[in-house]
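Note that the numbering runs from 1 along the sequence shown for the chain.
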Amino acid sequence: MSFLVWFIIINLSNFIFGIWGCSLTFSIYLAIQLFKSLFITRNWINLSFFYGFYVLFATVANLKIASIFANGVFLSSFPYARPELFDHASLVWALGNFVLLEAFALQPRVYLPTLEFNLGHSGFLGWLFLGSVALLFRSFWLPFSLPGAFGSILDLLPLVGILMHSRLAELQNHRGLFLRALFLTALATGYAVLFAYLRISMVIPGLVFLLGMLSARGQIRVLLSPRLYPFYVFLFLFSAFFITFGAKRSQLSYGLDRITELQQAKSAEVEVAREDRLSAFERTSTIGQLSAIVGLVKDHGHYMGRASMPLLTALIPRFLWPEKPPIALGVWFALEIGAALKTETWYNNSINMTIPGHLYLEFGWVGLILGCWLIGYFLRMLWETTGYTRKPLNLTGSFFAGYLLYTSFLGLGADLQILVTYLAVYLVLWAMDHLLHLLRPNAGKAILPENDQRDAPIRLKRQVT
């Protein structure tokens, strides 16, 4: 009954008050669900809660961007935005995500095979620690890169090392594990600062570190711990250089020279136009690209699957098809709305369609509602494979859970391609899980010592968390 009530309210608020009514109503819905998960059911360590937090953040950012356009300010960061379609675009965003979150809250009737290879005891974390350090710097010693999901596994393993160390350090009150987690986090962050192109790569290690602590305690007040003050200092410094790095990153070197050049760029920074000074908060907005999607539908009609055709080849391994073209739906979308140009090596831009936007572009309102419902249900099935809240030493389950949690916190990918990526990573981890169980048949019996089992099973109820 509550589903139907909120569905009607969101539609009516959009019809009467446009983007402001729709976004504010949807924000109230999200805030209520997040509050219930945190303080009433205390069931918030799952994909839906983290994605709901991101959606709330982005929805408020949409209002901020809409108000800037309403004041007559042109934002060069969103040259493709169509302000006259913001009302329509806000409804696409609100309804799609509302249905997705509601579907996730349902207990699935079909289950995928679980991932549950346990390390056995905390001593095995030493090997995970060494492997994480080695893989952080694999570009210096590994002469080749693995394709697709296999490469993603290598990228994710250092983050899994951070996640499991910080979680078990908190569960066991273990200073040594905490220092290891902190060292891995600092190492991964430092590497990203020196060599990464995307700004989000610089904060992901810290977010995963916090996730480990939060998932151990299940209490938000752990964020007030003095041990986390250095992390907050880094966030402050990062925010100070956020705009500068975004404007200059294509001109910056790699390695230690980058720090010097970034300091010089910050010192020489002068006042620039408002459109070149978007904050991290404003850049989470999705209203620009959603209005462009609505514009494409208005001009050309729904695409009826044409935009998603490359996904049909996604699960074909590249070693079986070495010439398989790159799947880059964000680049296609940027070209379609005139926001990208071809360069000597690739294209100069990629734009996030969002899952609701992609579905609406392809199949309209029916496709949006039905597609988001199926996706929410599918995501719940994937989450159930992890057993994350029940087995702290579960390597493969924690691997996949950490990946799901931090990608949901960052917005569940750019478009429907993320679902193929999720499935591919799951299948690789499932195969890895089976191989590890063959090597260590009794691993599934491993648990923490009795006095360390603070992470009791959490039964998800029908709610948006």
Check whether more than 12 heavy atoms from other residues, nucleotides or ligands sit under 6.0 Å from atom [atom1] of [X], and answer yes or no.
X	atom1	result
F17	CZ	no
Y232	OH	yes
Y303	OH	yes

field: Geometric class of the F39/F35 ring pair [parallel <30°, tilted 30-60°, perpendicular >60°]
entry: tilted
Is the Y406 ring parallel, tilted or perpendicular to the Y403 ring (thresholds 30°, 60°)?
perpendicular
Please confirm whether [X] and [Y] have ring centers closer than 6.0 angstrom.
X	Y	answer
F400	Y426	yes
F3	F98	yes
W383	Y111	no
H88	W365	yes
H165	F209	no

State whether a side-chain donor-acceptor pair under 3.5 Å links W93 with T354. no
*asked:* I'd like to know if the side chain of Y29 pairs up with that of E102 as donor and acceptor (distance under 3.5 Å, no hydrogens or angles considered).
replied: yes
Value for CD1 (I28) from CG (L56), rounded to nearest 0.5 Å, stands at 10.5 Å
Taken in chain and number order and not counting sequence neighbours, the residues that satisfy side chain to side chain donor-acceptor pair (under 3.5 Å) with N97 are Y51
So does [Y] get a backbone contact from the side chain of [X], meaning a donor-acceptor N/O pair under 3.5 Å?
X	Y	value
E362	S308	yes
N62	S285	no
Q417	I327	yes
D415	I355	no

